[in-house]
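Each remark here refers to the structure printed beneath this line.
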Number of protein chains: 2
Amino acid sequence: MRLFTVGPVACYPEVLVEMSRQMYSHRSDEYKRMHSETVELLQNLIETENSVFLFSSTGSGFMEAAVRNCVQKKILCCVNGSFGKRFAQVAASNGKQVEVINAPLGQPIIPDVLDDTLLKLPEIEAVAITHNETSVGLINPLSDLADVVNKHGKLLFVDAVSSMGGTELKVDDWGLDICFSSSQKCFGVPPGLGMGSVSDEALKKAEKVTNRGWYFDFKLWERYQKSAGTPMTSVVPQIAGLNRILKLIAEWGGKHRYFELYKERNQKIQSGIISLGLSLFPQEGYESPTVTCANAPANVNGASIYELMRLKGFELAKGYGDVRETTFRIGNMGYILISDIESMLETLEVCLSEITV
Amino acid sequence: MRLFTVGPVACYPEVLVEMSRQMYSHRSDEYKRMHSETVELLQNLIETENSVFLFSSTGSGFMEAAVRNCVQKKILCCVNGSFGKRFAQVAASNGKQVEVINAPLGQPIIPDVLDDTLLKLPEIEAVAITHNETSVGLINPLSDLADVVNKHGKLLFVDAVSSMGGTELKVDDWGLDICFSSSQKCFGVPPGLGMGSVSDEALKKAEKVTNRGWYFDFKLWERYQKSAGTPMTSVVPQIAGLNRILKLIAEWGGKHRYFELYKERNQKIQSGIISLGLSLFPQEGYESPTVTCANAPANVNGASIYELMRLKGFELAKGYGDVRETTFRIGNMGYILISDIESMLETLEVCLSEITV
């Protein structure tokens, strides 16, 4: 089965070798060296000097951490898909008041709308933005949105789960206070590790927020991080896997070369889709570089394309949330060869002809 | 390096093979089959019909879940070591009022003391007990303590992190409302997976508790569990590893044979320690079946034994918490052969003679 999933995605063979190594203590010197090195590699990748934590959780754990540590009362969530919705749900479940900007599905969050909203809601403490909305294959204009948030002096939380590693993130330049991702997306590592950067300002805010809990308490993590450790047992295999891919990215020519590879693969997928007579779901100019969301042909359920492709050896992803039936998705994350894209598109052509006959 | 750690412990070769398999979607039918099967195998191992959740976290995540879901105001924590202390810290960090029973280090929690305390504190909603206190190598008399808790009609939370899989747990017979563990202890699987059972009564209580959060919300987990899923991405490799070892335990003659193996190995370690002229830290009769905590010889720092053993190819564990300097520990969890125990003891004899000369 060739994987074009949206997470867990196909892992690099070199990463899978790391996953199978015998365990050792997360308090050993060997572990501490690997931990520090991974943190530094990640800081370099996302261009930040902020603290980077390696959570024993998925990316959604980092989402819960952001709202629990750095919002006392009120947060503004920008929602244009299922994962923006999740951020709002997580905040509400943690007892925070949530204001929402909803953009129509398939359309980006508009900086001017964010600006107006923040003008009207001065009591907002933080803004949550989904960088790449996996559910509809759309990328939001993050650096423009970040400018607005910073102009208003609010904290900015970025869900970069399906963008980190696959496209540029300039955490310090853009002023992202919290920017998190998961192992199982663009890094091509199995799931179980949530990692993210936390700014000094966010850490200072956390000091004043009550009821931060224990498992995701940034102040506790900050203390352990000083000695390259974690409050609870670290997810050693996934951290070793992440360490390996970050080094491979360097060997392959550095992060910009890796982002270029994503662009190339993505272009191949998206132009292939269009030449098959299909259209893309998101507004033009905002197509995600890591997940293609395609409209199913009229009167065809997107899930049936998924099912048929599976029978032929290709695992794509079903539509998600409100566009579950009318779309299907093709992931461009992790271990995917250009030749796999070609055979996937050929197979898709066959499937479409079988379905629409 | 041969591992006698207290977690992460040495993993079974068969488990490491599972860890290296290519990923697939946690929403696929294949995953759902594996998930359901793992839940059933675990229910059988700990003798329960309660819901079993497979958390994308370590065991400490389940600790946070227990207090956050099932305590509105007040919990009683039984503390005779560092992990009992952690339970109390986690509860306090989550805004709960915490009452504590402290037993002197190395001594068990006494059922009569628990009974008296519960008589005096009728407002207690739940009692937390560390089954096997990894930090001092002591096992608490769980079924007797559970009788007391049940007599008082309180919820019972059991940290079985370093006992589940290594010794008997009769969740339904003993009336344990929440009983959790981690992948990286007696199961010989890498860290990153926290799993536990939750009784109907605990789930009913959760309905009434406010501010349960999202990541560890039992009610949300219950909903996803119905279709063999998890609210966030599952830790697929570690679940596959757990699935494998649970099937291996069956192949090797069933759980009672596996618990016998732990007893045999433990007896070998503990009688070996004594024949080297050392003594065990915990009160006689309460020595843990999975972790031996030995007193270092007079004027010898336990950590120096750890360091010297490491140089000779054996990773034991340092003392922990308040007895960090005066003890050292030998784990008996995961993939350990009888012949490894023999060579470890021989090497320990050499180390002791070098240190005490």
Side-chain angles (χ1 to χ4, degrees), chain A residues 1 3 5-11 16-28 56-61 63-65 68 86 89-95 182 184 190-194 210-217 220 231-238 310 315 317-318 334-335, chain B residues 1 3 5-11 16-28 56-61 63-64 68 86 89-95 182 184 188 190-194 210-217 220 231-238 310 315 317-318 334-335:
Chain A
M1 186 77 72
L3 270 66
T5 50
V6 295
V9 304
C11 300
L16 292 174
V17 169
E18 295 301 324
M19 292 295 294
S20 70
R21 291 202 198 284
Q22 187 50 282
M23 276 302 96
Y24 54 104
S25 170
H26 64 298
R27 302 290 182 217
S28 66
S56 303
S57 77
T58 69
S60 299
M63 210 181 255
E64 179 139 317
R68 217 176 163 195
R86 176 174 295 179
Q89 275 166 2
V90 168
S93 302
N94 280 283
S182 309
Q184 82 278 10
L193 172 63
T210 51
N211 189 26
R212 299 194 301 271
W214 188 90
Y215 197 78
F216 296 124
D217 179 6
L220 187 66
M232 70 292 302
T233 311
S234 326
V235 188
V236 180
Q238 277 86 339
R310 240 179 98 82
E315 173 125 22
K318 290 181 195 169
Y335 180 57
Chain B
M1 186 77 73
L3 270 66
T5 50
V6 294
V9 303
C11 300
L16 292 175
V17 169
E18 295 300 324
M19 293 293 295
S20 69
R21 290 200 199 284
Q22 187 50 281
M23 275 303 94
Y24 54 105
S25 169
H26 65 298
R27 303 289 184 220
S28 66
S56 302
S57 77
T58 69
S60 299
M63 210 180 253
E64 180 139 318
R68 216 174 164 196
R86 176 175 295 182
Q89 273 165 4
V90 168
S93 302
N94 280 282
S182 308
Q184 81 279 11
L193 172 63
T210 52
N211 189 26
R212 300 193 302 271
W214 188 90
Y215 199 78
F216 295 124
D217 179 6
L220 187 65
M232 70 292 302
T233 312
S234 326
V235 189
V236 179
Q238 278 84 342
R310 239 179 98 83
E315 172 123 25
K318 289 180 196 170
Y335 180 56

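Note that this is a predicted model, so its numbers are computed, not measured. Here is the naming used below: chain letters follow the sequence lines, and residue numbers restart at 1 for every chain.
A side-chain contact (heavy atoms from CB on, under 4.5 Å) with A:Leu16 is found for exactly one of B:Gln22, B:Met23, B:Arg21, namely B:Gln22.
The candidate with the highest count of non-hydrogen atom pairs below 4.5 Å against chain B, out of A:Gly7, A:Ser57, A:Pro231, is A:Ser57. In terms of heavy-atom pairs under 4.5 angstrom with chain A, the leader among B:Glu315, B:Gln184, B:Arg212, B:Lys318 is B:Gln184. Chain A forms the most heavy-atom pairs under 4.5 Å with one residue out of B:Arg310, B:Gln89, B:Glu18, B:Arg68, and that residue is B:Arg68. Options B:Leu220, B:Val6, B:Asn211 differ in how many heavy-atom pairs under 4.5 Å they form with chain A, and the most are formed by B:Asn211. For chain A, the option among B:Gly61, B:Gly95, B:Ser25, B:Gly192 with the highest count of heavy-atom pairs below 4.5 Å is B:Gly61. Listed options A:Asp217, A:Thr58, A:Val235 were ranked by heavy-atom pairs under 4.5 angstrom with chain B; first place goes to A:Thr58.
Residues A:Val236 and B:Pro191 come closest through the heavy atom pair N-CG, 4.0 Å.
Contacts of A:Pro237 with chain B are made by side-chain atoms alone, with heavy-atom separations under 4.5 Å and no backbone atom involved. Heavy atoms closer than 4.5 Å to chain B are found in the backbone of A:Ser234, but not in its side chain.
Taking the six-membered ring for Trp and thresholds of 30 and 60 degrees, A:Phe216 and B:Tyr215 have ring planes more than 60 degrees apart, a perpendicular arrangement.
Here the straight-line distance linking atom OG of B:Ser28 with atom CG of A:Leu3 works out to 9.0 Å at 0.5 Å rounding.
For B:Tyr24, there are no ring-ring contact (aromatic ring centres under 6.0 Å, His included) partners two or more places apart in sequence or in a different chain. Applying the side chain to side chain donor-acceptor pair (under 3.5 Å) criterion to B:Arg86, with sequence neighbours excluded, gives B:Ser60.
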